[in-house]
2 protein chains.
Amino acid sequence: MIDPPFLPAGDDAAPDPAAFTALADRLRALGHPARLAVLHTLARENRCVCGEIVRELPLAQSTVSQHLKVLGEAGLIRSRAEGARTAYCLDHAALAALRAEIHAVFDLLLRQGANEPAAES
Amino acid sequence: MIDPPFLPAGDDAAPDPAAFTALADRLRALGHPARLAVLHTLARENRCVCGEIVRELPLAQSTVSQHLKVLGEAGLIRSRAEGARTAYCLDHAALAALRAEIHAVFDLLLRQGANEPAAES
DNA sequence: ATCGATCATCGTTCATCGACGATAAACGAT
DNA sequence: ATCGTTTATCGTCGATGAACGATGATCGAT
C-alpha cells in the first residue's frame with residue numbers, strides 16, 4: 001500500500017543523495033515545536049480553520065500561517081478554501097509514507113544489534 | 001526496555017510543550033541530508049574517525065566536524081578520543097528511543113483511520 | 001454597498017544555519 | 001624536539017528561519 005521510496009534496492013546500496021534531501025526536507029518541517037503542535041491539533045480536531053490553530057498557540061496569526069505553509073509545502077497537510085476561511089487537515093497518506101520512510105531509515109541505522117565499541121561520550 | 005517520554009499519560013492528554021521542543025530538536029538534527037549521510041556511514045562502518053567521513057562527503061573537514069557536533073549535541077552519536085583522532089559511533093539506545101518517540105507521534109497523528117474531509121490541496 | 005472577519009502575503013528585524021578557510025591543540029613518529 | 005597528521009574551534013560570509021505588524025484580498029452578512 002505504501003510505497004517506500006527510500007532504499008528500494010539492496011540494503012547497503014549507496015543511498016541516493018536526493019533521497020536524503022527529500023527525507024531531510026520533511027524531517028526539517030517536523031523539526032519545530034510549533035509545527036508539531038499544529039499537527040497534533042489537526043489530529044485532534046481532524047479539520048481546523050487557521051484561526052482555531054492561532055487560538056491554541058502563543059503565536060501571531062501571520063506566524064501560524066507561515067508554519068501552515070511550511071507544513072503544506074512539505075506535503076504533510078492539505079488545505080481547502082471555504083469562504084473567507086481556509087480549512088486544514090492532515091494528509092494521512094503522506095504522513096503514512098513518511099512514517100514508512102523514517103521506519104526504513106531507523107531499521108537501517110539500528111539493523112545489526114547494539115554494537116558498543118566502548119564509546120565514552 | 002525503551003522509555004518513551006512522549007505522552008506518558010492518556011492519548012489525548014495535552015502534550016507538554018517541552019516534549020515538543022525536545023523532540024523537535026532531534027528531528028531538526030536529522031533534517032539535513034549531510035547528517036543523514038553521516039548516520040548512514042556510521043551505521044555501515046559501525047565506527048568512524050572524522051577523516052573517514054570527510055572522505056565520503058563533498059564537504060570540508062570543518063563542516064563535517066560541525067555536523068558531527070550537531071549530531072552529538074542531539075545525543076544521536078557518541079565520540080571517543082583516540083590519540084590524535086576521534087572515533088564516532090551511533091548511540092543505538094538514543095536512536096531506539098527516538099524511533100519510539102517518533103512512532104508514538106505518528107500513531108497519534110494517524111490514529112483514527114483516514115478521514116478525508118474532501119480536501120483539495 | 002459597506003462592514004467585520006478571516007487569512008495570505010509583504011516587508012522588516014534578529015537569530016541561527018551551513019559552508020568555508022585558517023588556526024591551534026593534541027598526538028605519534030622520527 | 002620537531003614534523004606531519006588529525007581534528008575542534010574561530011571568524012566570516014551569505015542564506016535561511018522565525019517572529020511580528022501592517023496591508024490587502026476575499027467572503028458573508030447587514
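In what follows, chains carry the letters A, B, and so on, assigned in the order in which the sequence lines appear, proteins first and then strands, with residues in each chain numbered from 1.
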Next item on the list: Ignoring backbone atoms, establish whether B/H32 has a side-chain N or O less than 4.0 Å from OP1 or OP2 of C/dA19.
Entry: yes
Next item on the list: Nearest whole angstrom, please: distance from the P of D/dT7 to the CD1 of B/I53.
Entry: 9 Å
Margin query: Looking at A/R85, I'd like to know whether one of its side-chain N or O atoms comes within less than 4.0 Å of OP1 or OP2 on D/dG28.
Written below: no
Margin query: Between A/L57 and A/V49, is there shared hydrophobic-cluster membership here, with clusters defined by ILVMFWY side-chain heavy atoms closer than 4.5 Å?
Written below: no
Next item on the list: Could you tell me whether B/T63 contacts a base, only the sugar-phosphate backbone, or nothing, with contacts defined as non-hydrogen atoms closer than 4.0 Å?
Entry: base
Notebook entry, point to check: To the nearest Å, how far apart are B/E73 CD and C/dG18 P?
Noted result: 12 Å
Note to self: Can you tell me which nucleotide in D/dT7, C/dA22, D/dA22 comes closest to the side chain of B/C50?
What the structure shows: D/dT7
Note to self: In whole Å, I'd like the distance from the CD atom of B/E82 to the C1' atom of D/dA8.
What the structure shows: 16 Å
Check: Do A/R26 and A/E73 sit within salt-bridge range, that is, some charged N less than 4.0 Å from a carboxylate O?
Finding: no
Next item on the list: Output the single nucleotide from C/dC7, C/dC20, D/dC20 whose closest atom is nearest the side chain of A/V49.
Entry: C/dC7
Next item on the list: Could you check how far CG of B/L71 sits from P of D/dA8, rounded to whole Å?
Entry: 12 Å
Notebook entry, point to check: Salt bridge or not for B/R44 and B/E56, using N-O below 4.0 Å?
Noted result: yes
Item checked: Carboxylate-amine/guanidinium contact A/R85 A/E52, below 4.0 Å -> no
Notebook entry, point to check: Taking NZ from B/K69 and P from C/dA19, how many angstroms apart are they, rounded to a whole number?
Noted result: 16 Å
Note to self: Does C/dA8 have OP1 or OP2 under 4.0 Å away from a side-chain N or O of A/T86?
What the structure shows: yes
Notebook entry, point to check: How long is the line joining CG of A/D25 and P of C/dG18, in whole Å?
Noted result: 12 Å
Checklist line | Length of the line joining B/Q61:CD and D/dT7:P, which is rounded to integer Å | finding: 7 Å
Note to self: Once you apply a heavy-atom cut-off of 4.0 Å, does B/V70 come out as touching a base, just sugar-phosphate, or nothing?
What the structure shows: nothing
Item checked: Contact under 4.0 Å: A/H67 side-chain N or O vs D/dA19 OP1/OP2 -> yes
Note to self: Counting distance alone, no hydrogens or angles: does the base of D/dA8 have a donor or acceptor under 3.5 Å from a partner atom on the side chain of B/Q66?
What the structure shows: no
Notebook entry, point to check: Which heavy atom of B/F106 sits nearest a heavy atom of A/L95, and at what distance?
Noted result: CE2-O, 3.3 Å
Notebook entry, point to check: For the side chain of B/A60, counting heavy atoms from C-beta on, which of C/dC7, D/dG21, C/dG21 is nearest?
Noted result: C/dG21
Note to self: What contact category does B/L68 fall into here, base, sugar-phosphate, or nothing, at under 4.0 angstrom with non-hydrogen atoms?
What the structure shows: nothing
Margin query: Can you see if the side chain of B/S65 gets near the phosphate of D/dA8 - specifically, an N or O under 4.0 Å from OP1 or OP2?
Written below: yes
Check: D/dT5 C1' sits how many Å from B/R55 CZ, rounded?
Finding: 11 Å
Next item on the list: Give the nucleotide from the list D/dT7, C/dG18, C/dA8 with an atom nearest to the side chain of B/R35.
Entry: C/dG18
Check: Donor-acceptor pair, A/R35 side chain versus A/A29 backbone, under 3.5 Å?
Finding: yes
Note to self: Please compare A/R28 and A/A84 by the position of their nearest nucleotide in DNA chain C and report the one closer to 5'.
What the structure shows: A/A84
Notebook entry, point to check: Does the side chain of B/Y88 get closer than 4.0 angstrom to OP1 or OP2 of D/dA8 through an N or O atom?
Noted result: yes
Note to self: Does A/V54 reach a base, just sugar-phosphate, or nothing at all? Heavy atoms under 4.0 Å.
What the structure shows: nothing
Checklist line | Position toward the 5' end of DNA chain D (nearest nucleotide), A/G83 or A/S62 | finding: A/S62
